[in-house]
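Data block below; observations after.
Keep in mind that this is a model prediction, so the values were computed, not measured.
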Amino acid sequence: MEGISHKTIEVNGISMHVAEKGPADGPTILFIHGFPELWYSWRHQILSLSEHGFRCIAPDMRGFGDTSAPSSVSSYTFFHLIGDLIALLDNLSLPQVFVVGHDWGAIIAWQLCMFRPDRVKALVNLSVPFMPRNPAVKAVDYFRSLYGDNYYVCRFQEYGLADEEFASMDSKLLIKKILTMSGGGGTISLSKASLESYKEPDVLPSWLSEEDIEYIASKFEKSGFTGGMNYYRCLDLNWELTAPWTSSKVDVPTKYIVGDRDSSYRFPGIQDFIHKGGMKSYVPLLKEIVVVPGAGHFIQQERAQEISDHIYDFIKMF
């Protein structure tokens with residue numbers, strides 16, 4: 001990670017840790033990570049795209065890593081998270097940027113483009129497709145209807161339950177198990193019992209090293225997992241708060257990338273929605289959909305150069 005600089009910026013009432021590389025006057029890419037991740041998930045893209053002349057900025061999001069983690073659950077709504085990012089862009093005097101999101105970062109990126117399309121030149125989103133707000137059912141109830149109470153999204157709703165289970169486990173082993181079950185159809189409950197029963201591979205996949213795991217785990221040992229879990233605990237609150245944007249569209253040029261072994265690509269009906277015009281009706285400037293054969297959920301790490309090339313090939317057009 002040589003050459004990546006780090007700084008802390010005061011934004012929106014919190015201290016945000018930001019990793020950065022690339023020319024200060026270059027076109028800027030804002031990378032938004034998911035759970036349980038950090039800026040570090042974008043390490044390969046930062047190095048690759050900075051070599052193409054882009055200024056790459058990857059914060060630890062609110063509640064993660066070296067960024068502040070407010071104690072109140074209600075401090076993790078879309079408005080807080082997107083407010084942090086807008087404040088970051090303002091602090092850095094960046095009127096408009098390219099945005100790349102993954103997992104929760106993709107969800108936040110979709111909303112960012114809906115709320116503030118004026119700040120986004122183009123979007124590349126990984127893993128999680130745009131999912132329009134359903135006024136008839138709350139988000140957690142929807143997941144419960146599909147997968148039951150033991151689904152991790154539902155289990156995370158009880159404050160302290162999953163937090164304490166994660167805290168009681170060896171952090172390096174926990175991170176290793178979650179990352180290596182990518183694309184393997186592993187447990188969807190993320191309970192302590194299910195994680196302990198999941199056997200991690202004897203040899204790490206080529207895209208993941210012991211050093212990677214040690215770095216990520218060291219940050220979660222410091223911050224804990226509660227901040228990240230609070231994103232899930234705000235799902236229903238977000239559903240209430242975003243009522244005015246029901247049926248709103250994302251009017252930003254967009255490329256969507258997903259691995260064909262990603263659990264996000266296996267939700268009931270989601271492939272028809274993605275490929276048969278449903279998502280395009282909400283994202284009218286959707287230019288390209290890429291399905292990567294054999295790739296799992298942590299696609300920007302699993303297929304690092306391929307994803308970097310996909311991002312570059314798209315954003316260089318703008």
Only counting residues at least two apart or in another chain, list the ones meeting salt bridge (Lys or Arg N to Asp or Glu O under 4.0 Å) with [X].
| X | answer |
| --- | --- |
| Lys219 | Asp66 |
| Glu158 | none |
| Lys192 | none |
| Arg43 | Asp212 |

Can the positive tip of Lys249 be found less than 6.0 Å from the middle of the six-membered ring of Tyr282, inside 45° of the ring normal?
yes
Cation-pi, Trp207 ring and Arg303 (6.0 angstrom, 45 degrees):
no
Classify the ring geometry of Phe64 against Phe220: parallel below 30°, tilted from 30° to 60°, perpendicular beyond 60°.
perpendicular
side-chain hydrogen bond (donor to acceptor under 3.5 Å, both in side chains) between Ser127 and Asp262, intermediate numbers included
CA-CA 7 Å; Ser127 182; Asp262 191 331; 2.7 Å; yes
Are side-chain heavy atoms of Leu204 and Glu210 found at a separation under 4.5 Å?
yes
Within the structure provided, determine whether Ser264 and His297 are in side-chain contact (heavy-atom separation under 4.5 Å).
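With C-beta onward as the side chain, the pair touches.
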In Val97, Leu30, Leu49, Leu92, the residue satisfying side chain to side chain contact (heavy atoms under 4.5 Å, CB included) with Arg55 is Leu92
Show which side-chain atoms of residues 105-113 pair as donor or acceptor with protein atoms under 3.5 Å away, not counting sequence neighbours.
residue, atom, partner, partner atom, Å
Trp110, NE1, Val128, O, 3.0
Trp110, NE1, Pro129, O, 3.4

Begin with the C-alpha distance, continue with both residues' side-chain angles, and end with the deciding distance and a verdict on side-chain hydrogen bond (donor to acceptor under 3.5 Å, both in side chains) for Ser191 and Glu165.
CA-CA 7 Å; Ser191 66; Glu165 287 187 343; 5.3 Å; no
Output, in order, the C-alpha distance, side-chain angles, deciding distance and verdict of side-chain hydrogen bond (donor to acceptor under 3.5 Å, both in side chains) for Thr246 and Arg133.
CA-CA 6 Å; Thr246 301; Arg133 180 184 183 275; 2.8 Å; yes
Side chain to side chain contact (heavy atoms under 4.5 Å, CB included) between Tyr256 and Phe130: does it pass, once the steps are laid out?
CA-CA 9 Å; Tyr256 171 69; Phe130 180 78; over 6 Å; no
Would you check, one step at a time, whether the test side-chain hydrogen bond (donor to acceptor under 3.5 Å, both in side chains) holds for Glu37 with His102?
CA-CA 10 Å; Glu37 299 180 85; His102 169 256; 3.0 Å; yes
Distance (rounded to the nearest 0.5 Å) between Ile9 CD1 and Asp90 CG:
11.5 Å
With rounding to the nearest 0.5 Å, note down the distance linking CD1 in Ile82 to CG in Leu88.
13.5 Å
Residues clustered with Tyr159, ILVMFWY side-chain links under 4.5 angstrom
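Result for Tyr159 is Val73.
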